[in-house]
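In each ligand, atom 1 is the first atom listed, and ligand 1 is the first ligand listed.
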Amino acid sequence: MSTSPVSRSGRFGSGPAADVAAFSESISFDWRLWRQDIRGSIAHATMLREIGILSAAELKAIKAGLEQIAGEIEAGTFSWKMELEDVHMNIEAELTRRVPAGAKLHTARSRNDQVAVDIRLWLRDEIDALTGDIRLLQKSLVGLGSRHPEVLIPGYTHLQRAQPVSFAHHLLAYVEMLERDLGRFLDARQRVNVCPLGSGAIAGSTLPLNRELVAVLLGFIDAKGRPQVTQNSMDGVSDRDFLVEFAAAAALLSVHLSRLAEDVILWVSSEFGFIRIADAYTTGSSLMPQKKNPDIAELTRGKTGRVVGNLMSLLTLLKGLPMTYNRDLQEDKERVFDTADTVRACVRLMAAMLDHTRAVPETCKAAASDPLLLATDLADYLVLKGMPFRQAHHVVGSVVALAEKWGRPLNELSLAEFQGIDPAFQSDVTAVFDLAKAMKRRTLTGAPGTAEVKAQLKRWTRNLADA
Ligand code: ARG
């Protein structure tokens with residue numbers, strides 16, 4: 001087996017045994033970092049030129065060589081070598097083979113700070129893409145609600161019918177959750193956006209590097225354009241807390257998506273029948289010809305398991321690692337790649353599915369018109385007549401029991417029957433069961449009242465238009 005010209009020269013008499021190489025390679029997955037690796041190398045080389053380590057001609061040759069390699073990777077013609085272990089050594093070894101000055105590129109740099117910078121650059125781009133995807137899903141939810149502004153459904157607690165809400169109000173609850181998810185990713189991004197290059201292997205360098213220049217070249221800057229560099233070389237190469245933050249935000253996002261998926265799965269069932277999903281976004285059964293399954297929602301719910309698992313893997317990976325870099329850290333990549341790929345796919349697919357979903361107003365109406373959903377309104381009615389709420393709750397409980405005993409809907413009891421339970425009921429009691437009026441009475445901020453939900457839909461449509 002050939003040995004790496006980069007890391008094994010001098011010290012070792014032989015290359016690693018084949019099974020060791022196979023066990024320790026990461027090129028099979030970290031090749032994904034090639035763009036970031038090349039970008040980081042060009043910034044590092046530019047800085048080495050600034051401080052006089054590289055000549056202008058050497059910098060030019062290194063840049064041209066890296067750009068040529070980038071072109072070949074992009075075109076799929078670059079050959080990755082397992083014996084070169086990882087993306088960093090594959091690219092640098094090939095560069096050095098083509099361009100002698102490539103041997104100067106690793107000056108004052110270690111793969112420890114190199115991999116830290118690569119993964120930060122990569123994650124920053126992923127967060128930017130993911131936040132865009134989350135915006136799309138929010139738009140899809142608002143869009144579905146806006147297509148059915150008048151549709152009412154029962155709201156549930158304990159999966160038992162509770163009180164009427166508008167379909168849009170239910171969907172907007174997820175828009176709010178996603179907004180907080182988005183905030184968590186943007187918050188985590190600030191701590192991802194710090195440049196560790198210059199930390200070296202563990203203890204920086206004796207050479208007069210310009211860390212700030214590298215940071216600016218790589219976009220590691222704050223809102224005012226000031227370079228952001230890590231402040232402790234040992235911390236810079238050894239912590240992956242920024243990956244954990246991302247994985248944690250992603251796990252919570254997944255949990256939210258899973259809850260949305262579960263609602264979709266319930267709603268599309270024959271038992272609920274509140275929505276229909278277009279054929280292209282459902283799948284059939286290989287045996288039962290009548291089946292139309294909500295597989296996108298089910299897979300989204302299912303994939304939450306691995307996203308939550310990835311968070312646990314990362315936390316467990318870091319626990320007990322002595323300072324500073326340890327090879328264990330190579331295990332971070334597959335977990336974080338999988339997390340990003342999975343949540344981005346789920347967010348995009350759920351958005352596409354909702355864009356091809358509609359409410360079924362008749363079934364929604366039938367379910368929302370259950371007068372029992374207004375039992376709380378009936379108690380509020382008694383409160384307005386001066387009755388203490390605890391007593392009103394008890395009285396309405398007796399009304400419900402009576403209606404249930406006679407198998408009659410609550411709103412069909414006569415005034416005499418109401419008054420037989422409590423004389424506080426008056427002839428205006430029938431108005432309590434007018435669902436449209438009941439929805440108009442819910443005027444609190446955040447309540448599912450007719451005007452309130454319209455205002456919320458408008459607010460979100462406006463907010464998302466600029467997003
Ligand atoms: N492939 C390694 C990783 O992902 C790169 C850093 C290796 N550094 C080292 N000193 N072996 O962590």
Side-chain angles (χ1 to χ4, degrees), residues 1 3-12 14-17 19-41 43-44 73 78 80-96 105-126 192 194-205 218 230 233-244 246-247 310 313-341:
M1 145 170 300
T3 61
S4 155
V6 178
S7 75
R8 298 185 70 88
S9 51
R11 171 73 176 79
F12 293 88
S14 75
D19 52 355
V20 174
F23 183 66
S24 54
E25 66 83 25
S26 56
I27 191 62
S28 56
F29 49 87
D30 71 11
W31 64 269
R32 280 182 75 151
L33 297 173
W34 67 267
R35 275 179 216 283
Q36 292 75 19
D37 200 70
I38 287 178
R39 198 176 160 200
S41 286
H44 184 65
I73 298 173
F78 186 80
W80 300 105
K81 297 193 177 73
M82 200 259 275
E83 60 271 25
L84 288 175
E85 202 177 289
D86 59 24
V87 64
H88 324 293
M89 297 215 286
N90 265 271
I91 292 174
E92 191 188 331
E94 185 55 25
L95 174 73
T96 308
L105 179 60
H106 214 47
T107 308
R109 186 177 73 170
S110 155
R111 278 185 295 155
N112 297 353
D113 57 352
Q114 191 177 358
V115 72
V117 84
D118 288 5
I119 196 84
R120 283 173 184 265
L121 286 170
W122 179 85
L123 186 57
R124 200 174 65 186
D125 287 348
E126 284 298 309
V192 172
V194 184
C195 189
L197 264 190
S199 300
I202 166 169
S205 172
L218 294 176
T230 52
S233 61
M234 296 175 79
D235 177 43
V237 293
S238 70
D239 207 355
R240 296 290 184 268
D241 53 358
F242 57 95
L243 296 183
V244 171
F246 171 73
N310 288 340
S313 294
L314 285 172
L315 286 167
T316 313
L317 177 65
L318 296 179
K319 177 192 171 296
L321 281 190
M323 290 286 257
T324 52
Y325 179 85
N326 296 270
R327 191 62 179 273
D328 312 46
L329 291 176
Q330 181 167 296
E331 289 287 309
D332 61 359
K333 270 154 230 77
E334 287 162 291
R335 304 281 57 83
V336 80
F337 290 161
D338 184 63
T339 294
D341 293 345

[atom]: the protein heavy-atom neighbour that sits closest, reported with distance to 0.1 Å:
{"atom": "atom 3 (C) of ligand 1", "answer": "Tyr325 OH, 3.2 Å"}
{"atom": "atom 1 (N) of ligand 1", "answer": "Gln330 OE1, 2.9 Å"}
{"atom": "atom 11 (N) of ligand 1", "answer": "Arg111 NH2, 3.5 Å"}
{"atom": "atom 5 (C) of ligand 1", "answer": "Asp86 OD2, 3.5 Å"}

Region of Lys333 engaging ligand 1 - heavy atom pairs below 4.0 Å: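 For Lys333, only side-chain atoms sit under 4.0 Å from ligand 1.
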query: Which pair of heavy atoms, one from Ser233 and one from Gly204, lies closest together, and at what distance?
result: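 It is CB-N, 3.8 Å.
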- prompt: salt bridge (Lys or Arg N to Asp or Glu O under 4.0 Å): which pairs involve residues 320-330, sequence neighbours left out?
  reply: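 Residue pairs passing salt bridge (Lys or Arg N to Asp or Glu O under 4.0 Å), neighbours aside: Glu85-Arg327.
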Exercise for review: Could you walk me through whether Asp341 and Arg32 pass salt bridge (charged side-chain N to carboxylate O under 4.0 Å, His left out), step by step?
Suggested key: CA-CA 12 Å; Asp341 293 345; Arg32 280 182 75 151; 2.8 Å; yes
Ignoring angles and geometry beyond distance, decide whether His88 reaches within less than 3.5 Å of ligand 1 through its nitrogen or oxygen atoms.
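In this structure, His88 places no N or O atom under 3.5 Å from an N or O of ligand 1.
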message: Measuring only between side-chain heavy atoms, which start at C-beta, is Arg35 closer than 4.5 Å to Asp125?
response: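 Result no, sub-4.5 Å side-chain heavy-atom pair not found.
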| Donor-acceptor pair, His44 side chain versus Thr107 backbone, under 3.5 Å? |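 Side chain of His44 to backbone of Thr107, a donor-acceptor pair under 3.5 Å: yes, one is there.
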Gln330 side chain vs Ser24 backbone, donor-acceptor pair below 3.5 Å: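 Checked: pair present.
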Closest by any non-hydrogen atom to atom 8 (N) of ligand 1: pick that one out of Asn326, Asp332, Asn112.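 Considering heavy atoms of Asn326, Asp332, Asn112, the nearest to atom 8 (N) of ligand 1 sits in Asn112.
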Review point. Near Ser26, which atoms of ligand 1 are under 4.0 Å from a heavy atom of that residue?
Key: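 Those atoms are 1 (N).
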